[in-house]
Amino acid sequence: MTTDGSVKVEKRAPGLRELTVRGVILGGLITLVFTAANVYLGLKVGLTFATAIPAAVISMSILRYFKNHSIVENNIVQTIASAAGTLSAIIFVLPGLIMVGWWTGFPYWITVAVCAIGGILGVMYSIPLRRALVTGSDLPYPEGVAAAEVLRVGDTTAGANENKGGLRIILIGSVVAAAYSLLAALKVISNSLAGAIKVGAGGTMWGASLSMALIGVGHLVGITVGIAMFVGLIISYGIILPIQTNGALPAGEDLLDGVSSIFSSDVRFVGAGAIAVAAIWTLLKIIGPIIKGIKNAMVSARARKGGKSVDITEQDIPIQYVGLVIVVALIPIGLLLWDFVHDTALHGTATGIIAVSIILVFVIGLVVAAVCGYMAGLIGSSNSPISGVGILVVIIAALLIKMVYGDADDAQNTALIAFTLFVSAVIFGVATISNDNLQDLKTGQLVGATPWKQQVALIIGVIFGSAVIPPILQLMQTAFGFVGAPGATDDALAAPQAALISSLAKGVFGGDLDWNLIGIGALIGVAVIVIDEILTRTGKFRLPPLAVGMGMYLPISLVLMIAIGSVVGLAYNKWADKSGGDVERKKRMGVLLATGLIVGESLFGVVFAGIVAATSDDSPLAIVGDNFLKTSEYLGVILFVLLVAWLYKKTQQIASRPVEDEPADLTKS
C-alpha cells in the first residue's frame, strides 16, 4: 500500500519467468490438497475457504530453492490453486442429484464435464470484465490485494524468512486439527454437543460442533459476518423455531428429533427467503456500475483495435478467441443435456427445455459472472454469497423449465427436477470461477503479471479441479452419504446448500413449495437490508443481509462455532494492533493459522472417509463404546478450548519473532 492508502501497482521487470512447467506442476499438487479440503468442508458446513494466500505462501517457500523464480511465477501457482479450490463450490448443487434419488453416485466423466465446461465458461466471461471491474474500477478486492502484498513481501530476503514462519504455522495448525479429529474418530473425545429446550408448547435446540475448521472459518470471515450470522441464529432458533414448533411436536417423540425435523422442513425455508432477497438486493446495487464498466471496456477495446500500443500487463486472451470458446462450449453443454434426458421419461419431449436451458446458461451465465465478480471485488471471494446466487438461479431455472415443458406426470416431474439441478450445476460452475477469477486478476495487475498467461493458468486450474472433484465427491457419498438422501448414514454430510436447492426445485415442480415461509424470510430480509443501510450510513457497523440469511439457514452447531471463531479472530487481530511492529504481518500469520486449521481437519476427513468406505464401518477407528459418551463430551470441550488457546499463543510467539531469526528447519519453532 502507498502512504495515501491507494494500492501500488508494480512496474513489470523485463525477462521474468511466468507461466512455467514447474509452476503448473506445483499449482496442480497444491490443488489436490486444497480442493480435497474445500470439498469436505463445503459438504460438511456449507462454506469454503479462499486458497490464494496459503497457496502463495507454499509456492514461495518451495520455488525459492529453484533458480530464476519470480513473483509472477509464484502468482501463476496461486492462480492455478485458487481457481481449482474455488471450483469446488460446485458441490453446493451436484449432491442434490443424489438427494432427489436421480443419481446413486457421481459418474466421473459427466461430473468432470460439468465442472470443466462451467468453469471454462466462467474464465471466458470474466475476461471482458477485467477492464470493467479490475483495472477500470475502484473496487477494493480485499483478498486480491492481500495476496499481492504476500507475494511482494515474499519476493524479498526478509519475506523468504517470513514465509518459513507462515508455512510453519500452517503445518502446526494442520497437524493439531488433524490430531483432534483423530481423537474424535477414536471416540476418546466427542467433537459435537447437542440438545433441545422446551419453550411453552414448543421448543428449540442448541448445539456446538467442536471443530477446529469452524474456528478457522470464523477467523477468516471476520467479526462483522460472524455477528450477522449470530443474529440470524437468534432469529431462527430464538424466535421462529419456538413459534413453528408450538403445539406441533408429536406426543412421545424425542424433543430434539421433533424440533430438528421442524427446523429442516420449515425454518430453513424462511432462511432461504432471506438469502434470496439479499441476493436480489446485491444485484440491484451493483448492476449500474457493472453496465458502466462494460461500456468503458468496449471503448478501451476499440482504442486498442485502432492501433494503440498495449503494455504486456494489459494483454488479455484476444476477445475473438473468447467469443469463439463461449460459442463452442454451448455445443457440449447441449450434448450433456441431451444425454441427461436420454432414456428417461423426458426422452422425445425435451427439445424445448434443452434449447431454453442452453440460452439460460449463455445469458444468465454472463449476468452471474458479472455479479459474482463484482461481489468478490467488493467483499472478497470468501465472503461472497455464491449460495444466494445459486438459490436465485435454481428458482429461475425451475420456473422457466416448468413453463416451457408444460403439464407433466409424476415420472416427468422427477426427471424435470433432476434436469433443473443439472442445468443449475453448469451455471454454478460459471459463478464459482467468476467469483474467484477477477480476484486473481487483481492480484496479477498489482504484481505486474501478464493477463493472458494468468487466464491460461485459470483454465489449467479449472481442468485440475475438474479432475479432482468427482472422486472426492464419490468418496464422500460412499463413506457417509448426504442427509436426506437414500442410504445416508448417521454421520451423513449435511451439504446444506445442495439440500436447500434440491428442495426448492422439488417444491416448484411439485407445487407444494410453501411460499408463505419463503415470504416471511423475504420480509425479514427486507428488514435486515433496511437496518444494514442505516448502519452503513452511520459508518459504525454493518449487518450483511446474506450473512444473516446464512445464520438463519445453517444448523446452530455450525453457526455458533463460526461466530465464536470470528470473536477469536477479532481478539487475535486486536492483539496484533496493540503489539506494534509489523502489524499486517502478524495478522497474516493469524490468517495462515486459520487456513491450517481448515486444511488439517478437512484432509483428515477425506482420509477418514476412505477408511470408512474401505471397511464399510461407520466408526472404524473407535476404541471405546457408547457408555463413554458423556465423559468424551467433557474431555472434548476441555481439550478443544486448551488446544485453540495454545495454537493462538504459539502463533503470537512466531509472529512476534523477527523474520531474520526464523530457523531453517521447519520442525523447530
Side-chain angles (χ1 to χ4, degrees), residues 45-46 92 95-96 99-100 194-207 229-279 387-388 390-392 394-395 398-399 417 482-485 488 492-528 545-560:
V45 305
F92 292 165
M99 293 174 171
V100 300
I197 305 170
K198 195 78 172 165
V199 180
T204 189
M205 56 195 292
W206 60 271
M229 291 185 72
F230 188 76
V231 169
L233 180 154
I234 297 299
I235 293 172
S236 276
Y237 294 91
I239 301 173
I240 299 173
L241 187 55
I243 292 173
Q244 288 296 114
T245 55
N246 187 43
L249 294 171
E253 184 178 8
D254 180 77
L255 181 60
L256 180 58
D257 289 342
V259 171
S260 179
S261 175
I262 290 176
F263 173 81
S264 297
S265 62
D266 293 356
V267 178
R268 67 176 183 166
F269 286 102
V270 180
I275 290 172
V277 166
S387 50
I391 288 168
L392 289 176
V394 78
I395 291 176
L399 292 173
I417 292 167
F482 306 111
V483 172
L493 297 166
Q497 282 89 346
L500 175 58
I501 286 172
S502 58
S503 295
L504 290 171
K506 286 192 288 186
V508 170
F509 286 101
D512 58 354
L513 185 62
D514 194 335
W515 291 101
N516 289 328
L517 291 173
I518 294 177
I520 292 170
L523 290 175
I524 293 172
V526 170
V528 173
L546 274 157
V548 175
M550 289 298 290
M552 292 170 63
Y553 172 72
L554 289 173
I556 189 171
S557 60
L558 307 182
V559 178
L560 182 60

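All figures in this text were calculated on a predicted structure; none of them were measured in a lab. Along the sequence shown, the residues carry numbers beginning at 1.
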Enquirer: Backbone N or O of Gly203 within a donor-acceptor pair of the Thr245 side chain at under 3.5 Å?
Expert: yes
Enquirer: How many angstroms lie between atom OG of Ser236 and atom CG of Asp266, to the nearest 0.5 angstrom?
Expert: 11.5 Å
Enquirer: Within the structure provided, determine whether Phe263 and Thr204 are in side-chain contact (heavy-atom separation under 4.5 Å).
Expert: no
Enquirer: Determine whether Val270 and Gln244 satisfy the following criterion, side-chain contact (heavy atoms from CB on, under 4.5 Å), listing intermediate values before the conclusion.
Expert: CA-CA 11 Å; Val270 180; Gln244 288 296 114; over 6 Å; no
Enquirer: Kindly indicate whether the side chain of Ile262, heavy atoms from C-beta on, has any atom under 4.5 Å from the side chain of Leu249.
Expert: yes
Enquirer: Do you know the tightest heavy-atom contact between Pro242 and Tyr237?
Expert: CD-O, 3.5 Å
Enquirer: What pair of heavy atoms forms the shortest contact from Arg268 to Ala499, and how long is it?
Expert: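 Looking at all heavy atoms of both residues, the closest pair is NH1-CB, 3.6 Å.
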Enquirer: Looking at Leu255 and Ala196, what are the two nearest heavy atoms and their distance?
Expert: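 It is CG-CB, 3.6 Å.
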Enquirer: Have a look at Phe269 and tell me which of Asp514, Ile520, Leu504, Asn516 forms a side chain to side chain contact (heavy atoms under 4.5 Å, CB included) with it.
Expert: Leu504
Enquirer: Please round to the nearest 0.5 Å and tell me the distance separating atom CD1 of Ile235 and atom CG of Leu241.
Expert: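 With rounding to 0.5 Å, CD1 (Ile235) is 13.5 Å from CG (Leu241).
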Enquirer: How many angstroms lie between CG in Leu399 and CZ in Phe509, if you round to the nearest 0.5 Å?
Expert: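 Rounded to the nearest 0.5 Å, the CG-CZ separation comes to 8.0 Å.
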Enquirer: Considering all heavy atoms of both residues, which atom of Met552 and which atom of Ile240 are nearest to each other, and what is their separation?
Expert: CE-CD1, 4.1 Å
Enquirer: With rounding to the nearest 0.5 angstrom, report the CG to CE distance, Leu500 to Met99.
Expert: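 Rounded to the nearest 0.5 Å, the CG-CE separation comes out at 10.0 Å.
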Enquirer: Can you give me the closest heavy-atom contact between Phe92 and Ile501, atom names plus distance?
Expert: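 Shortest heavy-atom separation between Phe92 and Ile501 comes out as O-CD1, 3.6 Å.
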Enquirer: Heavy-atom distance under 4.5 Å between the side chains of Val231 and Val528, does that happen here?
Expert: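 Answer no - side chains too far apart.
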Enquirer: Taking atom CG of Leu256 and atom CD1 of Ile197, what is their separation to the nearest 0.5 Å?
Expert: 10.5 Å
Enquirer: To the closest 0.5 Å, what do you measure between CD1 (Ile395) and CD1 (Ile518)?
Expert: 5.5 Å
Enquirer: Would a distance-only check, ignoring hydrogens and angles, find a side-chain to backbone donor-acceptor pair under 3.5 Å from Ser502 to Ala498?
Expert: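 A pair under 3.5 Å: yes.
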Enquirer: Report the C-alpha separation of Phe230 and Leu560 in whole Å, then their side-chain angles, then the decisive distance to 0.1 Å, and conclude whether the side-chain contact (heavy atoms from CB on, under 4.5 Å) test is met.
Expert: CA-CA 7 Å; Phe230 188 76; Leu560 182 60; 4.0 Å; yes
